[in-house]
Amino acid sequence: MSNRSPVYAGVGLVILFVLLTLSLTTGEMRIPATTALRALAGSGDAGDVLVVQQFRAPRTVAAIVAGAGLGAAGCVLQRLFRNPLASPDVMGVTGGASLGAVALIAAGASQTLIPVGALGGGLLAALLLGVFAWRSGLAVTRLVLTGLAVQAGLAAAVNLMVVRFPAELAGSALQWTTGSVYGRTWTQVWGAGGALVVAFGVALVLHRRLAVLDLGDESAGALGLNTSTARLHLLLLAVTLASLAAALAGPVTFVALAVPHIVRFVTGPPTAVSLALASLTGAVLLLASDLVVQHLLPVEGLPVGAVTATLGAPWLLVLMFRQSSPVRRSHA
């Protein structure tokens, strides 16, 4: 473990607590921090309890949980493919999750079933990516371009469904075209959030396989690891994490792509704690972006996905430029 990891974790937790407090206390009705914490526990003025418990807290928790899931998914995918460009949004997973969620909304399904639809859509996207790109040996450029094509096709399908929705359903489905945590309910948070906690626990258990795969296929095989099976399990795990995050926040971009790079830049090569640090960083990044949307931008109602996409576009271009350099191209 890097000597900087505990410091990074401590600073990240402090920042997350500050952001959480700001999220609960700021808005059209400002609430003192102590009053907000009491309201969160269900005591105090009834108006404060309503605002904090039913409006602000679910949105805050949704941003934290979804960001953590995206950060963990990005960490697993980039290590699994040894590819700094690998992320759920680049590879089409979030687009598939959005399609599955919107399809259930169109069918009038219960909100508790939305995570199931998102997971199914994410698995569909992963299957499409595998069909189109696996035979090519998963070369970096081909993988990214195939993933972008899958993402674009699935996004187009989502947009077509939203356009054809009745007016009363269009608003509920619109978030799945950009990504948003506005209007989250405790039902949605407990459904997708609870599943994400379980998936993250599985990720911690399977994390050792990533460390063994880092040694190379020959060394991993010599240590008794079935590399194909391990990769399949880890891929399904990453898809599950990203899909459940999308069930809460829609197809939020940039977070899963950037978080592993931030963690590596600060703490060095990946270790056993990298997954936890990636989750913490993802939670901080998404909650901070949502606070920017709510309080710092002049456009009311702007989805958080618009902010993360604005940050992510130049980041992706820089990474693709680096991967396309002559030295790397010869190995693609």
Side-chain angles (χ1 to χ4, degrees), residues 9-71 101 105 110-115 168-169 171-176 178-198 200 244-250 252 255 279-308:
V11 172
L13 288 171
V14 170
I15 294 174
L16 183 62
F17 179 77
V18 171
L19 293 174
L20 187 152
T21 303
L22 286 173
S23 183
L24 295 178
T25 58
T26 55
E28 293 185 6
M29 186 175 75
R30 298 187 66 85
I31 302 175
T34 53
T35 302
L37 291 177
R38 285 198 302 269
L40 186 63
S43 62
D45 181 77
D48 292 339
V49 172
L50 176 65
V51 170
V52 172
Q53 284 194 350
Q54 300 303 317
F55 297 108
R56 295 181 182 175
R59 179 171 185 165
T60 301
V61 175
I64 291 173
V65 173
L70 289 171
I105 291 174
S110 168
Q111 291 288 341
T112 56
L113 294 178
I114 299 301
E168 61 271 17
L169 290 179
S172 300
L174 188 59
Q175 62 155 312
W176 300 106
T178 51
S180 174
V181 289
Y182 172 77
R184 298 304 85 191
T185 65
W186 283 120
T187 299
Q188 294 168 313
V189 170
W190 289 122
L196 266 170
V197 170
V198 174
F200 186 74
L244 292 172
L248 272 177
V252 175
V255 175
S279 296
L280 174 61
T281 307
V284 168
L285 187 56
L286 189 56
L287 182 56
S289 298
D290 191 48
L291 286 172
V292 169
V293 164
Q294 293 183 68
H295 307 300
L296 297 183
L297 296 181
V299 182
E300 185 176 354
L302 192 69
V304 67
V307 174
T308 59

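Residues take their numbers from the sequence shown, with the count starting at 1. Keep in mind that what you see is a predicted model, and the values were worked out from it rather than measured.
- Residues satisfying the side-chain hydrogen bond (donor to acceptor under 3.5 Å, both in side chains) criterion with Ser289, sequence neighbours excluded, are absent altogether.
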Assess the residue pair Leu24 and Ile31 against the criterion (side-chain contact (heavy atoms from CB on, under 4.5 Å)); give the C-alpha distance rounded to whole Å, side-chain angles, the decisive distance to 0.1 Å, and a yes or no.
CA-CA 8 Å; Leu24 295 178; Ile31 302 175; over 6 Å; no
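- Atom CG of Asp45 and atom CG of Leu50 lie 10.0 Å apart (nearest 0.5 Å).
- Distance check: Leu296 CG to Leu291 CG gives 8.0 Å after rounding to the nearest 0.5 Å.
- Considering only residues two or more places apart in sequence or on other chains, Ile15 meets the side-chain contact (heavy atoms from CB on, under 4.5 Å) condition with Val11, Leu19, Val284.
- Shown here are the side-chain hydrogen bond (donor to acceptor under 3.5 Å, both in side chains) partners of Thr185, two or more places apart in sequence or in another chain: Gln188.
- When the side-chain hydrogen bond (donor to acceptor under 3.5 Å, both in side chains) test is applied to Thr60, the partners found at least two apart in sequence or on another chain are Ser23.
- A distance of 12.0 Å separates OG1 of Thr25 from CG of Leu40, quoted to the nearest 0.5 Å.
- Residue pairs meeting the salt bridge (Lys or Arg N to Asp or Glu O under 4.0 Å) criterion with at least one member in residues 12-39, sequence neighbours excluded, do not occur.
- Thr281 pairs by the side-chain hydrogen bond (donor to acceptor under 3.5 Å, both in side chains) definition with Tyr8, not counting sequence neighbours.
- For residues 49-59, the pairs satisfying side-chain hydrogen bond (donor to acceptor under 3.5 Å, both in side chains) are Arg59-Asp290, with sequence neighbours left out.
- Ala195 meets the side-chain contact (heavy atoms from CB on, under 4.5 Å) test with Leu244; sequence neighbours excluded.
- Taking Val65 as the reference, Val61, Leu196, Leu248 meet the side-chain contact (heavy atoms from CB on, under 4.5 Å) condition, with sequence neighbours excluded.
- Under a cut-off of 6.0 angstrom, the local environment of CH2 in Trp190 is sparse, with at most 12 non-hydrogen atoms contributed by other residues, nucleotides or ligands.
- Ala283 is linked by a side-chain contact (heavy atoms from CB on, under 4.5 Å) to Leu16, Ile64, Ala68, counting only residues two or more places apart in sequence or in another chain.
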